[in-house]
Engineer: 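Following this message is one structure expressed as C-alpha cells.
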Amino acid sequence: MSITAFATTDPLEQAELEAAPVRYPRPSRLRADLKFEGAKMQKAADTLGLATVGDLLLHLPRDRREARAVAELVPGDSATVVVQVRSISSRSVRRRGMRPLVEATVADDSGAMKATFFNQPWLEQRYPVGTRLALHGKFEGRSRFRVQAHARTADAVGGDGSVAHYPATEGLTSTQILALVREHRTALEDFVEPLPAAVLTRERLPDRVAALTEAHFAASDVGLELARRRLAFDELLLAQLVLLRRRLERRSSSKAPVLDGERDLTARWLADMLPFSLTGDQERALDSVDEDLARAVPMQRLLMGEVGSGKTVVALYALLRAVEHGYQGALMAPTETLAEQHFATIQRLMPGSVVPIGLLTGSTPGRRRADVLGKLSTGELPLIVGTHALIEDTVRFARLGVAVVDEQHRFGVRQRAALDAKAAEDERPHVLHMTATPIPRTLALAGYGDLDHTLLRELPAGRRPIKTFVCSSSGERERAYDRIREELRAGRQAFVVCPLVEESELLQARAATAEFERLRSGEFRDFEVVLVHGQLRSADKQAAMAAFASGGAHVLVATSVIEVGIDVPNATVMLVEDADRYGISQLHQLRGRIGRGAYDSVCLLFGSKDSLRLRALAEHTDGFELAAIDLELRGEGELVGTRQHGEAVYRVAELPRDAELLERARRYAEDVIVDDPELADPEHALLADALVGAYGAEALAPIRA
Ligand code: ADP
Ligand code: MG
C-alpha cells in the first residue's frame, strides 16, 4: 500500500514523507484551561461546555461558511474574512436614536475595505491599528462590510473557500470560536489514537488527529465526509462498548431462576387450549424464550412485532413457564385500556381460567386492590396484569419469576428497574420487553444494543390485506360514509377515529363527543353508535368497548385510545379524521385494528393527498417498511423509543445514514468485549481512556463475577 495524501489517492513523494512532522502527543496539554475575555464570554463558554483546550477542539463545526479574500467579495455576500486593522475610529453620536458606530479600515493582501461595527463603541480601544481580526458579516458593496461577528486572530491568511461554522451561543460567536480553534490548532496533535492501526486499515478510516484536523480545517468535501465518518465511528463504537459491557455485567452479576423443568402446564396449554396453531415466527420466539429461561441469567429480550402479530401468546407462554415452576408472572402495560385488553386477551387464550389471574390498575377499587396485593405477597395469585400500579411500593411478590413489559419504550429506565426490584436480590426476574413499533435493525442496535432481539414478522394466517385510501374532497367523504353503511348493512362494524389534539385530552374528548353526536343523529342514524375517549369513567369506557366487542354496537367513535388493545375481528372499516395529525406508526397501529377477520377491510384516511406520510400508508402495509420511511421523514431522534432512551443521541453520527458504520462499530465492539471485557489489554488501553473520557469512570467499572 502506498502512502497517500489525506482523503485522496495521490501518493506522497519521498521528500514529502521525510518532511512529515513526527508527533509526540502530550494529552495533558488538552486539559489546560481556556481563558476568555470577560465574564460574559466565560459564561457563554460554560454554556457550551468549553472549559479546556480539549473541549474546544472536540467542539466540532456544524457546517461551513464562505471565506473570502477582500478583493473577491461580491455585494450581498455573507462571508468570513481575515484582515488587519489599518485605521479605526468611532462616530460621535450626534442625533438621538443614532446607534454608536465604529468604523475601521481593514485590509488583507488582496485589498482594503471599510468595516462597520454597531453598538460597540469600546472596540475602538480594543482593536488598535495593526490588530489582526477574523470578521464575519455582509459585504454591502462600495467597499463596505457590515460586521456581525468578530474576533482577534493570529492567522495571517483567510479566504480559501470556506471556514468552519461552530455551534455558538450569545456571548461567544462562531467567529470567536473559529479564532480560538485556530489559536490552539497545534494542540490537535496532542490527541491520542484510541484505535489499533490494524483496525484503521481494515475499516479504511483515517487516524483521529487527521480526522479532527480535517473537521476543523477541511480541505475538501470528500475529506470532510471521511473525517466525519471516522469521528462517527468512534462515537458509535464507544456507545456499543457501553451497551455490551452493560449486558455482560447484567449477565454475570445478577442471577435469575433456572426455569428448565417439566412443561405440564405449557404443554397442555399449547396442545389443547390455545384456539389456533402458532405461526413459525411465534414458535421460534417460544424457542428463544425457552433458551433464555433455562439459564441462570435474567432474560433481557426485546420482542418486536407489529400490531396483530400475536405477541401476547409469546408473553403468556413466558408467564406460564414461570407459573409451572412455582414462580409468579407479571405483565405491565402503559395504559389502563391496554392492561384491560391484555387481561381479556389472556383469558380468551387460556379458556377455563386454568391459572388464576388478577388485574391491578390505578382504578382498581380499594377492596379488590387489597385482596390482589395480599394474594400477590403470599403467592396465592400466580399471574397479574397491570399498569404502573404494579411497581408501586405497596406491591410485593412472593416469587416473581418472569416480567413482561408491553410497549416498553413508554416506560422509563427507572420504572423498568423498579419492576426488576420486585424480586429478591439473588433471584431477578426474566424480562421480556415487547414493542409494536417496529424498529429498524440499526436503530434497535443503537438504542437497545444491550437486549437480545426477536422479531414476529409473519402475521397469523387468515389475515386479510387492508386497502387504504387518502380522502380529501367532500365527494370522497360522501362515498366514504356510503361505503361504511354498506359494510354495516352486511353485518360488519366500523371505527371512526377523531383527530389527535396534542394540547389537551379534554379538548380531544370534546371533539370526539361532538362527532359522536353528529354521526349518531346523521350519517349513522340507522345504527347503534358508541363513544370511547380518555376522559370517560372506566365503567362507561368498558361498557362501550363491550358493546362494540359483542357486536351490539355497529360504530365505535373513538380518540386514539383505541390505538392499542381492541380486538374485534368483525370490524372491517376505519375512518380517521384529520389523519395528518397522527404519525406514521400511530396510524399503522390504528389501522391494525381492522383486517383481523375473514373479510376484506378498508382504511379511509382523511387528509391532504400531498402528505408523504399518508401516501406511505396508502402504499405500504408492512410495518417495517413504514418504520424505515418514518425514519427517513423524521430522523432518528424523533422516532419513538430512541428519544427517551438517551444514549441514541450522537453528535457526529447520523442514523439511518450511518447504519453501515454502526454495524461495523458493533462488530468491532463485540470482538473487543469477547476477548477483553475490561479493556485491560495494552492494545485497548487508549480505547479504555476514550471510553472513560466519553462516559465517565463508571463506564469502565470492573464487571462483577
Ligand atoms: P399483538 O399483541 O402482537 O398486537 P395479539 O397477541 O393481541 O397481537 O394477537 C392479535 C390477535 O391474533 C389475537 O386475537 C390473537 O388471539 C390472534 N392470534 C395470535 N396468534 C395467532 C395465530 N398463530 N393464529 C391465529 N390467530 C392468532
Ligand atoms: Mg397486543
Side-chain angles (χ1 to χ4, degrees), residues 275 307-308 312 333 335-349 351 353 357 359 361-365 368 385 387 466 480-481 483-500 505-506 508-577 589-599 601-604:
V307 172
T312 319
T335 67
E336 251 172 58
T337 317
L338 194 50
E340 283 159 12
Q341 279 292 323
H342 273 300
F343 186 63
T345 308
I346 288 179
Q347 280 170 329
R348 214 159 10 87
L349 290 173
S353 309
I357 174 167
L359 177 68
T361 69
S363 54
T364 305
R368 179 124 42 88
V385 174
T387 54
I466 303 167
Y481 289 130
R483 178 66 199 265
I484 295 177
R485 282 188 294 258
E486 220 172 90
E487 292 283 325
L488 299 180
R489 273 188 225 107
R492 307 285 83 77
Q493 290 164 279
F495 293 105
V496 173
V497 182
C498 297
L500 184 69
E505 268 199 45
L506 189 65
Q508 181 164 334
R510 276 201 201 133
T513 309
E515 182 66 0
F516 164 70
E517 296 295 350
R518 189 182 77 78
L519 291 173
R520 184 163 70 151
S521 54
E523 310 291 351
F524 303 135
R525 74 179 85 82
D526 300 332
F527 302 93
E528 193 61 37
V529 186
V530 288
L531 171 69
V532 168
H533 59 67
Q535 301 278 303
L536 282 185
R537 284 187 311 146
S538 204
D540 293 344
K541 214 186 320 177
Q542 271 169 22
M545 294 269 205
F548 191 68
S550 68
H554 306 109
V555 180
L556 177 67
V557 177
T559 53
S560 53
V561 295
I562 61 156
E563 181 186 337
V564 274
I566 280 202
D567 191 14
V568 180
N570 191 46
T572 53
V573 200
M574 174 173 288
L575 184 160
V576 184
E577 295 287 356
Q589 294 241 31
L590 280 168
R591 181 170 66 174
R593 301 294 119 208
I594 55 174
R596 297 185 150 222
Y599 311 98
S601 292
V602 253
C603 178
L604 306 161

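Here the structure is a predicted model, which is why all the values come from computation and not from measurement.
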Engineer: So how far is it from Ser538 OG to Glu336 CD, rounded to the nearest 0.5 Å?
Structural biologist: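 Answer rounded to 0.5 Å: 5.0 Å.
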
Engineer: Spell out, as yes or no, whether a donor-acceptor pair under 3.5 Å connects the side chain of Glu505 to the backbone of Gln535.
Structural biologist: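 No; zero donor-acceptor contacts below 3.5 Å.
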
Engineer: Should Leu604 and Met574 be marked as a side-chain contact (heavy atoms from CB on, under 4.5 Å) after you check the CA-CA gap, both sets of side-chain angles, and the distance that decides it?
Structural biologist: CA-CA 6 Å; Leu604 306 161; Met574 174 173 288; over 6 Å; no

Engineer: Write down the atom of Ile466, the atom of Arg591, and the distance for their closest heavy-atom approach.
Structural biologist: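 Closest approach of Ile466 to Arg591: CD1-O, 3.5 Å.
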
Engineer: Partners of Arg525 by side chain to side chain donor-acceptor pair (under 3.5 Å), sequence neighbours excluded?
Structural biologist: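 With neighbours one apart ignored, the set is empty.
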
Engineer: Ala549: which residues meet the side-chain contact (heavy atoms from CB on, under 4.5 Å) condition with it, sequence neighbours left out?
Structural biologist: Val568

Engineer: Identify the two heavy atoms, one from Val385 and one from Ala339, that lie closest to each other, and give their separation to 0.1 Å.
Structural biologist: CG1-O, 3.4 Å

Engineer: Would you give the length of the straight line joining atom CG of Leu536 to atom CE of Met545, rounded to the nearest 0.5 angstrom?
Structural biologist: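 Answer rounded to 0.5 Å: 9.5 Å.
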
Engineer: Phe343: what forms a ring pair (Phe, Tyr, Trp, His ring centres under 6.0 Å) with it, not counting sequence neighbours?
Structural biologist: none

Engineer: Counting heavy atoms not belonging to Arg368, are there more than 12 under 6.0 Å from its CZ?
Structural biologist: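 Atom CZ in Arg368 is not packed in, count stays at 12 or less.
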
Engineer: Nearest 0.5 Å, what's the CD1-OG1 distance between Ile484 and Thr572?
Structural biologist: 9.5 Å

Engineer: Testing the basics here: between Phe516 and Val529, what is the closest heavy-atom pair and its distance to 0.1 Å?
Structural biologist: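 Where Phe516 meets Val529 most closely, the heavy atoms are CE1-O, 3.3 Å.
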
Engineer: Identify, with sequence neighbours excluded, every residue that meets side chain to side chain donor-acceptor pair (under 3.5 Å) alongside Arg483.
Structural biologist: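 Arg483 satisfies side chain to side chain donor-acceptor pair (under 3.5 Å) with Glu487 only.
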
Engineer: Measure the spacing between CG of Leu359 and CD of Gln347 and express it to the nearest 0.5 Å.
Structural biologist: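 It is 9.0 Å, given to the nearest 0.5 Å.
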
Engineer: I need the Phe524 CZ to His554 NE2 distance, nearest 0.5 Å.
Structural biologist: 12.0 Å

Engineer: Which atom pair, heavy atoms only, marks the closest approach of Ala333 to His342?
Structural biologist: CB-CD2, 4.2 Å

Engineer: Of all heavy-atom pairs between Ile357 and Ile346, which one has the smallest distance, and what is that distance?
Structural biologist: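 Here Ile357 and Ile346 meet closest at CD1-CG2, 3.7 Å.
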
Engineer: Please enumerate all residues that pass salt bridge (charged side-chain N to carboxylate O under 4.0 Å, His left out) together with Arg489, with sequence neighbours excluded.
Structural biologist: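 Expected list: none.
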
Engineer: Can you list the residues that meet the ring pair (Phe, Tyr, Trp, His ring centres under 6.0 Å) rule with Tyr599, with sequence neighbours excluded?
Structural biologist: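 Partners of Tyr599 by the ring pair (Phe, Tyr, Trp, His ring centres under 6.0 Å) criterion come out as none, since no residue qualifies.
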
Engineer: What residues form a side chain to side chain donor-acceptor pair (under 3.5 Å) with Glu517, not counting sequence neighbours?
Structural biologist: Arg520

Engineer: Just verifying a value: how many Å separate Thr513 OG1 and Gln508 CD, rounded to the nearest 0.5 Å?
Structural biologist: 10.5 Å

Engineer: Does anything in residues 534-551 pair up under salt bridge (Lys or Arg N to Asp or Glu O under 4.0 Å), and if so which pairs, sequence neighbours excluded?
Structural biologist: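 Passing the test, one end in residues 534-551: Arg537-Asp540.
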
Engineer: Taking all non-hydrogen atoms of both residues, which atom of Gln493 and which atom of Phe548 are closest, and how far apart?
Structural biologist: NE2-O, 2.7 Å

Engineer: Applying side-chain contact (heavy atoms from CB on, under 4.5 Å), can you list everything that pairs with Ala512, at least two apart in sequence or on another chain?
Structural biologist: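 Applying side-chain contact (heavy atoms from CB on, under 4.5 Å) to Ala512 gives Cys498, Leu531, Thr559.
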
Engineer: Suppose we screen for ring pair (Phe, Tyr, Trp, His ring centres under 6.0 Å). Which residues come up paired with His533, at least two apart in sequence or across chains?
Structural biologist: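 Result, ring pair (Phe, Tyr, Trp, His ring centres under 6.0 Å) vs His533: none returned.
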
Engineer: With sequence neighbours left out, what residues match Arg485 under side chain to side chain donor-acceptor pair (under 3.5 Å)?
Structural biologist: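 Side chain to side chain donor-acceptor pair (under 3.5 Å) list for Arg485, sorted by chain: Asp482, Glu523.
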
Engineer: Could you give all pairs that pass the salt bridge (Lys or Arg N to Asp or Glu O under 4.0 Å) test and reach residues 337-348, with sequence neighbours left out?
Structural biologist: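 Non-adjacent pairs meeting salt bridge (Lys or Arg N to Asp or Glu O under 4.0 Å): Arg348-Asp567.
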
